[in-house]
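Accompanying notes for the structure given below.
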Amino acid sequence: MRKWKWMRFSFSTPDPATGTVSLKTPVSKLRGVGPRVEDKLKRLGIERLGDMLFHLPHRYSDRTRLTPIGRIEAGTEVLIEGTIELAQVKFGRRRSLLVRLSDNTGAILLRFFHFSKSQQAGLEAGNRLRCFGSVRAGPQMLEIIHPEYQRLEGDDSPPLADTLTPIYPATEGVNQPLLRRIASAALDCVTRKPELLPDYLPAELLQRLDYPDLLQALQTVHQPPADADTAALEAGTHPAQQRLAFEELLAFHLSQRRQRHQQQQRPAPPLTRHSDLLTRFFAQLPFTPTGAQQRVIGEIETDLANAYPMLRLLQGDVGSGKTVVAAAAALLAIDSGWQVAIMAPTELLAEQHFRNLCGWLEALDCTPVLLTGRLKRADRDQALQAIETGAASVVIGTHALFQETVAFHRLGLVIIDEQHRFGVHQRLALLEKGVAEDMSPHQLIMTATPIPRTLAMSLHADLDVSIIDELPPGRQPVNTVVLAESRRDDLIERISAACREGRQVYWVCPLIEESDTFDYQAATETSELLTEQLPGVRVGLIHGRLKAGDKAAVMDAFKAGDIDLLVATTVIEVGVDVPNASLMIIENAERMGLAQLHQLRGRVGRGSRRSDCVLLYRAPLGDLARARLEVMRTSEDGFVIAERDLALRGPGELMGTRQTGLPSLRIADFGRDQQLIPLLHGAAEQLSRHNPDKIDALIARWQHASQGYSQV
Ligand SMILES: Nc1ncnc2c1ncn2[C@@H]1O[C@H](COP(=O)(O)OP(=O)(O)OP(=O)(O)O)[C@@H](O)[C@H]1O
């Protein structure tokens with residue numbers, strides 16, 4: 001952690017009395033947010049006052065007890081005090097400052113990847129420190145990466161709070177104390193001008209559910225009062241949090257209703273078979289579609305023949321073969337003379353779809369066009385022209401598809417893969433491109449993680465749902481084992497043997513701390529360590545910080561078999577299809593959501609080879625974590641896992657656990673907040689009847705909150 005000089009650093013807020021403050025006021029107006037911090041905050045999506053208000057703590061830490069260093073365990077958060085025995089800078093690919101701190105019970109390593117000269121000077125041997133952070137098992141001993149700390153003598157910083165302290169999603173150069181101060185400054189603004197946060201929820205509803213008003217809710221969440229219900233806050237079930245979650249879910253539900261309503265106001269082009277295109281497509285596939293694939297294609301074909309827009313959710317477990325279904329839907333549009341846009345959440349996935357579809361469609365004289373952010377200018381212009389003239393019948397891309405410069409000739413069908421990764425307004429922007437001839441395109445939304453049908457229906461306002469509930473034949477089950485991290489050495493032997501047999505391996509590194517920076521640093525270190533431990537094995541590395549081109553190059557090398565062991569952060573979670581990869585190791589599996597583990601594990605077992613997945617955990621394992629890993633060990637069925645996941649979640653689960661298979665909401669958690677979902681329909685009706693004018697404002701607020709106040 002960089003150490004800030006608090007005393008010289010008074011945060012003040014713009015004066016709301018002048019009337020110039022709004023939720024769109026740039027955060028740089030808050031004193032203490034200079035250009036450098038402003039830039040870093042941007043990476044967290046915080047550019048305006050409103051962004052900071054809705055940048056909520058994703059958990060809280062309890063800093064009331066000191067732990068003797070000798071009793072520290074990996075995987076826990078601790079407050080410790082000790083004396084610096086040794087401080088040294090380690091040089092290498094990444095310079096780091098290592099500080100060994102001890103008390104009379106033991107020693108621990110503090111590791112800093114970023115540090116200033118003055119910080120280094122304050123961390124000399126002999127100094128006494130109080131630190132807070134989460135402990136992990138380092139290569140030599142237990143360690144804390146970037147702890148919050150203060151010197152016990154001669155330090156003018158405020159004491160590390162001894163109460164419930166909010167922990168925010170953070171990034172390199174933006175530490176927790178800084179975020180707490182900016183949050184406080186932002187709250188100050190709205191407290192002095194509460195009309196900035198009008199309440200759109202019906203008063204009767206607030207009363208019935210005993211929810212606080214919006215301002216109070218935000219105050220409680222950012223700055224829990226001394227008498228707050230600690231357990232509820234930690235579990236995310238405090239009325240303040242529930243109110244925010246409910247409002248967000250309601251906004252999502254209302255926007256779906258509105259979208260459906262608007263869409264159905266316009267006709268859609270009936271898309272039907274005009275030639276034998278689809279028959280030829282099936283004939284040239286190297287496999288026969290499963291019964292489930294055929295049934296779902298039938299459901300889609302029926303919908304597409306209508307003169308009003310389809311709005312269908314296609315759920316299929318990992319590896320169930322959704323791409324073939326998408327291709328068949330696309331061909332129905334092409335056969336009727338309309339264009340298709342396929343939107344994927346990442347360039348990696350867009351390119352994979354592109355390659356697959358090229359393979360299938362070229363023989364049918366349809367050449368798909370790829371449109372991603374990293375096309376060269378000339379290629380991009382060419383693609384744009386083909387889209388505009390209609391020469392491109394299938395366009396595959398990322399969010400680049402809905403930029404203003406993209407104009408479709410006749411867009412008749414929009415297919416969205418992993419829709420939860422896109423915001424609602426991004427989806428609408430793409431649909432707006434389909435108003436050719438005053439028609440609305442049909443829409444097919446594909447998601448890999450099954451969610452219970454009833455949940456999907458109430459959330460998505462009665463969307464039609466198709467389910468592929470059968471895997472292609474010949475798939476070998478994935479043998480899943482749960483292993484303590486202390487048995488890592490056995491694993492090295494196993495990887496070595498697997499690579500000798502020509503198998504390819506994924507090693508997935510965990511999410512560390514609050515920051516993506518540490519993620520990729522940990523992944524880099526792991527790949528270095530594994531390269532050392534596995535001579536002769538070709539190790540590759542992929543993480544979110546790589547440029548799109550570099551990522552694709554690594555994936556291509558892995559696909560081509562030029563890499564044996566791919567060390568990855570969770571970027572490979574969705575969609576990557578390398579059938580020869582048949583062993584996966586997932587580190588710190590106990591910290592990941594089941595949906596995410598299921599997605600990850602779905603990367604193996606895609607070929608005809610027996611596959612294995614090793615879930616590594618760091619002891620000690622709590623009861624809930626044990627039960628969750630047991631679900632993974634004993635089930636491979638995404639629906640079963642999703643149901644058990646919802647059942648197992650509950651108080652005690654960290655807030656903000658990542659969800660997949662559901663729209664990305666900022667606050668609500670479908671597991672924790674599922675009891676709110678049945679209330680949505682009634683609340684939406686009530687608003688429509690009594691306060692229809694508030695609906696747009698409510699939707700806009702949450703679009704702002706999730707997309708950023710400078711974006712929408
Ligand atoms: N009916 C089938 N028979 C045999 N193989 C199939 C069949 N359908 C699809 N496949 C193959 O199975 C693999 C997985 O298909 P696909 O990538 O479409 O799955 P998916 O549902 O998109 O999975 P994920 O969500 O994990 O990406 C591909 O290699 C695909 O060619």
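All values reported here derive from a predicted model rather than from experimental measurement.
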D564 side-chain N/O to R538 backbone N/O, donor-acceptor pair under 3.5 Å: yes
Partner set under side-chain hydrogen bond (donor to acceptor under 3.5 Å, both in side chains) for E485, not counting sequence neighbours: none
Donor-acceptor pair, side chain of R295 and main chain of I467, under 3.5 angstrom: yes
Side chain to side chain contact (heavy atoms under 4.5 Å, CB included) assessment of L375 paired with T372: CA-CA 6 Å; L375 281 191; T372 59; 4.2 Å; yes
Student check: side-chain heavy atoms of V539 and E528 closer than 4.5 Å: no
Q140 and R100: CA distance, side-chain angles, deciding distance, side chain to side chain contact (heavy atoms under 4.5 Å, CB included) verdict: CA-CA 12 Å; Q140 290 113 32; R100 192 180 153 98; over 6 Å; no
Minimal non-hydrogen separation, L401 against A341, with atom names: CD1-CB, 4.3 Å
Heavy-atom side-chain contact between V631 and R628 under 4.5 Å: no
All salt bridge (Lys or Arg N to Asp or Glu O under 4.0 Å) counterparts of E301, not counting sequence neighbours: R273
Point-to-point distance, once rounded to the nearest 0.5 Å, from CZ of F132 to OG1 of T67: 9.5 Å
Among R609, R503, Q504, side chain to side chain donor-acceptor pair (under 3.5 Å) partner for S582: R503
Parallel, tilted or perpendicular: rings of W360 and F281 (30°, 60°): perpendicular
For R475, all residues meeting side-chain hydrogen bond (donor to acceptor under 3.5 Å, both in side chains), sequence neighbours excluded: none
Any residue meeting salt bridge (Lys or Arg N to Asp or Glu O under 4.0 Å) with R633, in chain and number order, not counting sequence neighbours: E630
Test side chain to side chain contact (heavy atoms under 4.5 Å, CB included) applied to L566 and M555, step by step: CA-CA 9 Å; L566 183 63; M555 274 328 292; 3.9 Å; yes
Heavy-atom check, side chain of E501 versus side chain of L583, under 4.5 Å: no
Shortest non-hydrogen contact between I415 and V340, atoms and distance: CD1-CG1, 4.1 Å
D417 versus H353, closest heavy-atom pair with distance: OD2-NE2, 2.7 Å
CG-CG distance between L361 and N356, expressed to the nearest 0.5 angstrom: 10.0 Å
Side chains of M632 and L594 in contact at under 4.5 Å (non-hydrogen atoms): yes
Value rounded to 0.5 Å, distance of OG1 in T634 from CD1 in I641: 8.0 Å
Min side-chain heavy-atom separation L565-T531 under 4.5 Å: no
Interatomic distance, T569 atom OG1 to I542 atom CD1 [nearest 0.5 angstrom]: 7.5 Å
Residues D673 and Q675: side-chain donor-acceptor under 3.5 angstrom: no
Check: Y506 and V578 side chains under 4.5 Å, non-hydrogen atoms: yes
G138 backbone acceptor or donor facing E143 side chain under 3.5 Å: no
Side chain to side chain contact (heavy atoms under 4.5 Å, CB included) between Q294 and T288, worked out: CA-CA 9 Å; Q294 289 177 26; T288 314; 4.3 Å; yes
Considering all heavy atoms, the nearest L249-A668 contact: CG-CB, 3.6 Å
Q315 side chain to V465 backbone, donor-acceptor under 3.5 Å: no
Acceptor/donor pairs from residues 490-499 side chains to any protein atom, 3.5 angstrom cut, sequence neighbours excluded:
unit_1	atom_1	unit_2	atom_2	d
D490	OD2	R487	NE	3.1
S496	OG	R500	NH1	3.0

L44 vs Y168 side-chain heavy atoms within contact, under 4.5 Å: no
Partner residues of E587 under the salt bridge (Lys or Arg N to Asp or Glu O under 4.0 Å) criterion, sequence neighbours left out: R618
CA sep, side-chain torsions, deciding dist, call: E351, R355, salt bridge (Lys or Arg N to Asp or Glu O under 4.0 Å): CA-CA 6 Å; E351 281 164 16; R355 276 194 295 258; 5.0 Å; no
Atom of P579, atom of R606 and distance for their closest heavy-atom approach: CB-O, 4.0 Å
Close side-chain approach of I468 and L314, heavy atoms under 4.5 Å: yes
Euclidean distance, S96 OG relative to I145 CD1, rounded to 0.5 Å: 9.5 Å
E299 with R312: basic N within carboxylate O range, under 4.0 Å: yes
Q293 (side chain) donor-acceptor with G321 (main chain) under 3.5 angstrom: yes
Distance, nearest 0.5 Å, that separates CG of L357 from CD1 of I342: 5.0 Å
T398 versus G373, closest heavy-atom pair with distance: OG1-N, 4.1 Å
